[in-house]
Structure formats: C-alpha cells, structure tokens
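A quick write-up on the structure given underneath.
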Amino acid sequence: MKTKQRFLLIPLFVFLLSNSTIMGQNTTIDQKVDSLLSLMTLEEKVGQMNQYNGFWDVTGPVPEEGNAATKYEHLKKGWVGSMLNVTGTEEVRKLQKLVVEESRLGIPIIFGFDVIHGYKTVAPIPLAEAASWDLEAIANSAKIAADEASAVGLNWTFAPMVDISRDARWGRVMEGAGEDTYLGSQIAKARVKGFQGDDLSQPNTIAACAKHFAAYGFVEAGRDYNTADIGTSTLYNAVLPPFEAAVNADVKTVMNGFNLLNGIPVTADKNLQRNILKDKWGFDGFVISDWGSIGELVPHGYAEDLNHAAELAANAGSDMDMESTAYITHLVNNVKEGKVSEEYIDDAVKRILKVKYELGLFDDPYKYCNEEREKERLYHEDHQKGVLDMAKKSIVLLKNEGNLLPINKNQKKIAVIGELANDNNSPLGSWRIGSDDNTAVTVLEGLKKYNSNITYSKGPKVFNSDANFLMDVEVNETDTNGMQEAVALAKESDLVVIVLGEHGFQSGEGRSRTQLGLPGLQLQLLKKVHEVNKNVILILMNGRPLTLPWEAENIPAILETWQLGTQTGNAIAEVVFGDYNPSGKLPMTFPRSVGQVPLYYNHYSTGRPNYQPNVFWSHYSDEKNTPLYPFGYGLSYTDFSYSNLEIDSSDQENIKVSVTVTNTGKFEGEEVVQLYLHDKVASVTRPVKELKGFQKISLAPNNSKKVTFTLTDKELGFYNNNYEFVVEPGEFGVMVGTNSQEGLENSFVKK
Ligand code: NOJ
C-alpha cells in the first residue's frame, strides 16, 4: 500500500518539477534539481552515477558483473543514470519507459553514443575535417551528426575528442584535430556548438563531451592505453587549452581517460577534475569516466580493488561510471563508511540531473523518440550535401608537379588502380559504428561520373575483406596476384590515378602502428606502375600522417584525402577534375621517417639547433630534422604570394599585424593565411613558433586582399609552471605565411 502510494505521488512531483512554475513560483533548473535531489535515497543517487552499456554494440571489454538481467533489474530500480550504445527510437523508448514508469522516481535516463564523425551519414574523420581549417563547415558537420543521432533516440555524443597529439603512431589521431593547441581549441568550440546548438532542449541538438581529460594524446610510444608522462608546461600550454575552450563553449560533459598522467590515473586525478576543471574553470556539467577506466585503477596499481577504485574516482570528481560497475556496487558502502562524503555524491548527481533538465528530458522523456523524425532525417539529402562540402574542404594537395592536376574532363585512357579505389567501406573511417557498412561512394564511382574513359585494375590484395571495428586489420605482404595486370594497364594508359593508403580500421581506438609507410605491397605496386608510366596521380587515404619519402620524391601529383566518409568518391572526383580547387592544410606534421616521431612544428629550441661541421649539434646521423610536409602545409591549383607584412604595435593591447595576399595563378582559390608568434625570451621557454591566428580567404586570379590580425594579451601570454597566465615584456617574432615553415617575418616589442 505504502509503495503504491509512492509510485503515484513521486512521479507526479517529478513531472511538476519539469514545469517552469511550481505553485505560482518561477523555478530555475538548479531549484528543480535541488528539490528532486531531496527526494532521493542514497542508492538512487548513486544509481544516477552509473552508466551501463546496452545489450548489443560493444566499444570496450565487457565486465562479468554487468549481465543483462542485472542491468534490467537496476534500470527498474532507478539505479542507472545513463545507457550507452542503445540506439533506435524503439529501443530507446522501451528502456526509457521501463525507467520512467517502473522506477520509484521515474528519472529519465540519458542515452550516449560515439557519434564521432556522423551517425548514418558519415562525415570525414575528424582529423580530415581539421585539415579544412573551416570552422563553419566543421560546426555544420557536427550539427548534421546531432540531427541524425537525435533522430534515433540519442541525446549525448562522446565527442569531440580534443586531445592534442604529436605522435602519428597513435591510432586515435584520426579522432582529433591534430597537433596544434590553437587550431584544436577553435575546432573544439566549433564542434561543441555544432552538436549542442544554441538551445540544448531542441529535439535535434545533443549534449557534447570533451575527451579525454587529460593528456591521452601523449601516450608513450603512441601505443594506445599507455602511460603519459609530460611536463607541467606542456600540460598547461599544449594539452589543457582545448578542454578549457570546450568548457567556455558550454560543453555539457567531459570524459576522463585510460592513461596515467605523471603517475596518477587521470580518472582518479583530483587536481585535474576538481581543482582545474570544476573549480578553476567553473565547469558545471558532469564528468563521465572512460569505458571501465574506474575499474582499471586496479591494474594500474593505484587501487587495491574495485571498492577502493570507486572511492578514489568519486573523491577525485569522476561523476559517472561508464561500465565499470564500481559505483553501483561499492559507492553506497563507501559513503556509509565515511570514505566518500555524501556532499560529493550530491554534487555529482546535481550535475547529472542538470544536464537532463537542460536536454528537456523531464518535460518529455521520449522527446528523442520520434519515429517520424527517425525515418525522415537519416541519410537526408541535406546531410549528403553538408558532408560532401566538408569532404571537399578536407582534401589536401601535397604535390602537383607540372600541374598534372586537375585532369581534363575529356581525358582519354585513364587507368584507376588500387583496391581502395573500389572500396565502399574503408573510406567510412573508424568511428562510424552507427552507420551501415559499404555505404561510401567509391573513388571509382565518383570518377566515372565525370569520365567514361576509365579502366580499373585492383592490383594485389591489400586488406582482409571482412576488416571490422573490433579486430586488427590483416595486411597481405606476400601474394602478388593482380600486380602484373595493374602494371600492364598503367603502361597502356595516358594517365594513372592510383588510390593507396591505410584501411579505415587501421586507425582509431586500439589501432597503434610502428610503421607509418603504405601497408603491404602498395609501395611496390606504385613503384612498378611509375616505372611504366610517369603520369601518376596518387590519392592517399589514411587516418594519420604517413611516411612517404619515395612517393614525395617521385610521384608528380599527390592528394591527401584521409577517410572522407559517405561522399568520398564524389568529393575526390570534384577535386581531381577541377570543379573544386583544394584548400586543405595539414593539421599534423608528416615525418620523413617514423624514427623522428614525435615530430611537431611548435617544438622548443635545443641549445644546439644549428649545423656544425662535426657531430655536436642536435641532429640525426641518418635523417634530416625537418618534416616531409610541415604542419599547415597544403597547395592549391592556383598560387598565392605574400607581401607587405606590417606590424603596428602602438596600441599595445591590440597589436595589428597585416599582410597582403595575392592570387598569382589561374584559378580562383582559397588560402588559409596563418600567423605564428615566437616569444623570444621568457621565464618558461616558449616554442620556436606557435600558431596564434588564421583566416581562410577566397581570391579570384590577379586579386589581392589585405589580411589583418589583432594580437591581444591572450595571444601573447602563456601559463607559467604555477598555472598562472602571464604576459611578459620583450621581443616577439612574427611569421605570416602559407604554412608553419614558409612566410614573411618581422618582430615587435611588447612593453
Ligand atoms: C572508449 C573510448 O576511449 C571512448 O572515447 C569512447 O567514448 C568509449 N569507449 C565509449 O565507446
């Protein structure tokens, strides 16, 4: 009898809390959260801090404790705050109904998923998008992803990944914005805005998640899940700013990570999560652990057992436990035993409930379960246009000797070679778990729309055909079957378009590599083709920088196309046939050799930076120090010249730097004008240069534009080792140019 009364009364109260007035009074979300919290038992509070994986898709190791029967039981008790990997309006509705109707308080759950580069309609991988340096297009791509994800019941994406990384061996570089903190911060903001929009309660916006807090991009030797050990200056100046930018853009959630940072697992790092994120930056959303990362405190040698791990993570400020079952099993006892204060629990639960209110889940728990929208929005025509636009902008022209590109639309006898040219799965990239396999437009299909004089030869097998998200990709190293046929075709053709690279599943989570060259027999194939035909256009597909010294030296035209998603073939064809003039710029340095890694443009100077006629200077005896292609590099079908670099530092709070850019070539084109600064002498040494501004401009042939940058203390300052932002007087070098190594230089003095 008593229980029944509760069932009737409390959900009614929760419903009333959802309305903007209670008994004639305006209530803020905070007030509603407080009222609801006051009704909750300790078990229910801890339940909100528990996230379970769904019953089908798996994106990490599955814990024994989390079987389906227990999960259902806990859902009914209100002991689950969120589910991940449950998609589709029908499934989401089913679970939401279970929770809302059967749990005592009926608090709706929030449904999360890795919507990393699109849901059904797949956008280019994030690293590719970063190559566009086009913040509007990137925000739009996230918006499209949110539109589709929200149509299948989801209201939370575990994106953007804002980890800065300088190590191309790490497979997850495909998921971020590359090596640069300034560019990464701008992109972090754009992605958060794209996912969340201006109003989170709209049915087509979803909560974003900045991850992985922090320094996961610095895993040693590029091996995933490995340790990170970095200095304070790198942490404060290189790693943290994109997270802070995401927080300033009102990101609703932050995910911690698997890695140790200087000996402490970040999931249990109180300084990072409580002191910096929540106190210093004022982050008022919630922190989700990474998959099982609370449980992993045990193998890290930081916690004795799962019970201890729950205590450490909760005290450190991890608000929600993804699939460790640590909180739901042990946190209540930890509180009862006085190891975790109930204040910490209340704080975590308030943060979680707040996001649920902001999403509008208390107004309508089924608001993301609109079956009509689900049918209408997936693969929508507008989304195809959006990702096509994004894909074209992501392409980087690395080389174009003799203007081999673009190809004449009436070109005779084109040979298209390479397994990847006819692959409709690999170009979808790694994190497209919501999409359908084999749905990319292939390069071959795209090119054939323009020109019918195309003959295709696959060449030797490269990858296993059933490569998937869960397993390492197998690469053929021995079977040369198909090689001869491809070379014969190249010989009798006027022009060869050869598509080579990595498989889409060779980068991404758990996919580190020690070799960064073209996998398998691809380089051998390329060399043989080049022997018989010099007119070779190499189209690269890869999820990370590759080492391509022979290719760069010998192949006249090279296009970096990454993995471009659903519209791959159409985007590449537009560029190859000249309907779109490429404008992308590398967001990561391409090394000459894997032995140079980590190689990045904003390094410090050594004490011995310059050539000496002996060995006693900082160099390799078998390789240059310089990259093959530097950060910020990318060509166009037209040419741009830079002149008149002027600096006006009379207003020290707004220093103006201007340059004139002229299109000296034959095509209309876009150029990313990049500004780099060097604080020449500082109390903590500053990198040799740092990107501090960029503008993407469009110019018709023979036209010029004056581009002006304004430098404030924000651009001139840095964090000292006490994490204080300081601006120090002295000389600053300025370089404005077309990439991180080429530009006009000057300097000014900050007084
Ligand atoms: C582990 C990954 O590190 C994280 O980025 C992802 O969001 C979760 N798995 C959930 O799939």
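Please read these numbers as outputs of a predicted model, since none were measured by experiment. When a ligand or atom number is given, it counts from 1 through the structure's own listing order. We count residues from 1, following the sequence as given.
Between the side chain of Thr439 and the main chain of Asp436, a donor-acceptor pair closer than 3.5 Å is present.
Among the candidates Thr121, Thr566, Asn425, the single residue satisfying the side chain to side chain donor-acceptor pair (under 3.5 Å) test with Arg432 is Asn425. Each of Phe505, Phe469, Phe113, Tyr119 was checked for a ring pair (Phe, Tyr, Trp, His ring centres under 6.0 Å) with Trp431, and the lone residue meeting it is Phe469.
By the 30° and 60° cut-offs, the orientation of the rings of Tyr216 relative to Phe258 is perpendicular.
Applying the salt bridge (Lys or Arg N to Asp or Glu O under 4.0 Å) rule to Asp134 yields the partners Lys393; only residues at least two apart in sequence or on another chain are considered.
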request  = With ring-ring contact (aromatic ring centres under 6.0 Å, His included) as the test, would you mind laying out the steps for Phe286 and Trp156 before giving the verdict?
outcome  = CA-CA 12 Å; Phe286 68 89; Trp156 181 20; 5.2 Å; yes
Can you list every pair where an N/O of ligand 1 is under 3.5 Å from an N/O on the protein?
from	atom 1	to	atom 2	distance (Å)
ligand 1	3 (O)	Arg172	NH1	2.6
ligand 1	3 (O)	His212	NE2	3.4
ligand 1	3 (O)	Asp290	OD1	3.3
ligand 1	3 (O)	Asp290	OD2	2.5
ligand 1	5 (O)	Arg172	NH2	2.9
ligand 1	5 (O)	Lys211	NZ	2.7
ligand 1	5 (O)	His212	NE2	2.7
ligand 1	7 (O)	Asp114	OD1	2.6
ligand 1	7 (O)	Lys211	NZ	3.1
ligand 1	11 (O)	Thr59	OG1	2.5
ligand 1	11 (O)	Asp114	OD2	2.5

